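Scroll down for the structure; my scribbles are underneath it.
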Amino acid sequence: MAKRLYEVWKGKNKFIFRGRLIFGPDAKSLIITLLLIIVPVIIFCTNVARNLLGETSGNIAGYAILMVTVVFTIYVLLLLLLTSARDPGIVPRNLHPPTEEMCYDSSASIDVGRQTPTPRLPPTKEVIVNGVPVRVKYCITCQLYRPPRCSHCSVCDNCVERFDHHCPWVGQCIGMRNYRAFFLFISSSTILCIFIFGMSALNIKFLTNDYGTVWKAIKESPLSVVLMVYCFIFLWFVGGLTCFHLYLIGTNQLKPEVQVVNYLWKNVQVRHDAKTVSTRRTDNKKTTYETFRYRGVERPQVYDRGCLNNFREVFCSKIKPSRNNFHAYVQENERGFTRGMNSEGYIGNLDGNRREKVEDDREIGGDLLKISQRREAEDA
């Protein structure tokens, strides 16, 4: 019986409306984010804005303040939905590892006591981006070589194109397809904080004129002061984040998780063609994910097209369609990824089910020694 793709999806995402909306596994954090936005706005509209209406009686300015607050809040919430409920650019998993890239390690042995080559994939390979060689890494979970600027999110368990970071406040990865909405969300939240802070200060000023002292004005409207303190605190967060992402956009960079910098960027020893070589990743990712990861390392700016063109790329380019139709039906023979795709499929644990993934293995009945001999003859 055919099932929809979202029903057999191997990532940790959560779906609603039959796969039409996709969230991260920490989507519940959206409730906190919504409360942080909606509650202060309700307090502002029912207390501060209402008082400003009285102070500006007969003036359209009081109603304009209320309308701007409501409309702009709806706009911010819409951007939050577009950020958190959209496919961020998930790269579909392969059903089988790319066999044309496989190499064979003759040092491994199997149960019969004879030496047999073990099929495995090189951990990295180089592609050319804007005339510069960029190293891309093989993802053992998704069974593919990640496109440039793509990284695997450990939270959602997906490879995401132009991966910036996983944001727990929106419960979603920030990537190629929702980065614009994310930036507009944090920048709009910054403007909303400034607006509420300014209007609350204006309310205190009006009350000071009415009651004579600032202290009496604060006693008359303590919620205005609470909102000012609240907005000031959160302005440092969303405002700082907005400025940081303006820098990233201007230089065409992306963003990393600081916690994994030291771990991920150690030199790793990889065994390749019976000899050990030391390699360091040299792909030119620059996202929030890239900026902290590559700090202190001189790297060519492969993707930098100049400040103006970088901004045009983010704000004026067309958003690419999703590679996944989560609402679509998939046939039984198309759901191979539900059987558990991991590194054992191609690095040595070769049971009957996994061997059928290797095309050469099917051609000659599973004798990997013959494969090695045949390829050695071809190379000679």
Side-chain angles (χ1 to χ4, degrees), residues 1-31 78-101 121 136-168 170-182 289 317-346 353-354 356-359 362:
M1 178 180 176
K3 293 186 177 182
R4 297 188 188 274
L5 179 59
Y6 76 91
E7 295 179 304
V8 294
W9 186 250
K10 288 296 292 181
K12 298 177 182 177
N13 304 90
K14 296 180 179 179
F15 300 88
I16 61 174
F17 300 128
R18 294 189 173 185
R20 291 182 175 87
L21 298 182
I22 174 175
F23 298 88
D26 50 352
K28 290 182 179 179
S29 60
L30 271 173
I31 299 174
L78 179 61
L79 290 172
L80 176 59
L81 178 65
L82 290 175
T83 302
S84 60
R86 174 186 286 172
D87 175 4
I90 298 173
V91 180
R93 301 188 183 198
N94 274 342
L95 302 185
H96 311 300
T99 56
E100 67 277 4
E101 303 284 348
L121 287 161
V136 295
K137 184 182 177 183
Y138 184 78
C139 178
I140 62 175
T141 302
C142 300
Q143 298 195 128
L144 51 82
Y145 283 99
R146 300 168 187 161
R149 313 194 93 184
C150 173
S151 292
H152 191 90
C153 175
S154 59
V155 180
C156 296
D157 199 23
N158 296 312
C159 279
V160 179
E161 290 188 89
R162 204 177 185 273
F163 178 72
D164 190 79
H165 67 294
H166 183 93
C167 181
V170 302
Q172 182 63 282
C173 293
I174 307 303
M176 178 184 67
R177 299 190 68 251
N178 65 350
Y179 181 80
R180 182 188 304 171
F182 171 75
Y289 187 71
S317 60
K318 184 179 179 180
I319 297 177
K320 294 182 179 180
S322 173
R323 294 191 182 194
N324 308 280
N325 184 0
F326 300 105
H327 182 67
Y329 286 101
V330 290
Q331 299 299 323
E332 188 72 25
N333 59 358
E334 295 176 357
R335 300 207 308 269
F337 56 85
T338 64
R339 293 196 296 265
M341 295 164 35
N342 52 41
S343 58
E344 294 178 347
Y346 55 88
N353 291 332
R354 293 179 178 127
E356 67 181 7
K357 295 180 183 178
V358 185
E359 185 64 28
R362 291 199 296 264

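Keep in mind that what you see is a predicted model, and the values were worked out from it rather than measured.
Using a 4.5 Å heavy-atom threshold, the side chains of L30 and F23 count as touching. In this structure, the side chains of V136 and P148 come closer than 4.5 Å at one or more pairs of heavy atoms. Between V155 and C173 the shortest side-chain heavy-atom distance does not fall below 4.5 Å. Residues V330 and E7 fail the side-chain proximity criterion, which asks for heavy atoms closer than 4.5 Å. At least one side-chain heavy atom of Q172 sits less than 4.5 Å from a side-chain heavy atom of C156. The closest side-chain heavy-atom distance from H166 to S154 is not below 4.5 Å.
A donor-acceptor pair is defined here as one N or O able to donate and one able to accept, closer than 3.5 Å; no such pair exists between the side chain of D157 and the backbone of G11. No donor-acceptor pair closer than 3.5 Å links the side chain of R146 to the backbone N or O of V91. With hydrogens and angles ignored, the 3.5 Å screen pairs no side-chain donor or acceptor of R177 with any backbone N or O of R86. Judged by distance alone, with hydrogens and angles left aside, the side-chain atoms of R323 form no donor-acceptor pair with the main-chain N or O of P92 at under 3.5 Å.
For N325, the side-chain contact (heavy atoms from CB on, under 4.5 Å) test picks out H327, A328, with sequence neighbours left out. Considering only residues two or more places apart in sequence or on other chains, P168 meets the side-chain contact (heavy atoms from CB on, under 4.5 Å) condition with D26. Applying the salt bridge (Lys or Arg N to Asp or Glu O under 4.0 Å) rule to R18 yields no partners; only residues at least two apart in sequence or on another chain are considered.
Within the model, atoms CD1 of I90 and CG of N158 stand 4.0 Å from one another, a figure rounded to the nearest 0.5 Å. Summarising the geometry, atom CG belonging to N178 is positioned 11.0 Å from atom CZ belonging to R162; distances are rounded to the nearest 0.5 Å. The OG1 atom of T83 lies 9.0 Å from the CG atom of L78; values are rounded to the nearest 0.5 Å. The distance from the CD1 atom of I22 to the OG atom of S84 is 11.0 Å, given to the nearest 0.5 Å. To the nearest 0.5 Å, atom CG of residue L5 and atom NZ of residue K10 are 12.5 Å apart. In this structure, CZ on F326 lies 6.5 Å from CG on N13, to the nearest 0.5 angstrom.
Between L82 and A181, the shortest heavy-atom distance links the atoms CB-CB, 4.0 Å.
Using a 4.0 Å cut-off between charged side-chain N and carboxylate O, K320 and E161 make no salt bridge.
Aromatic ring orientation, F15 versus W9: perpendicular (interplanar angle above 60°, classes split at 30° and 60°).
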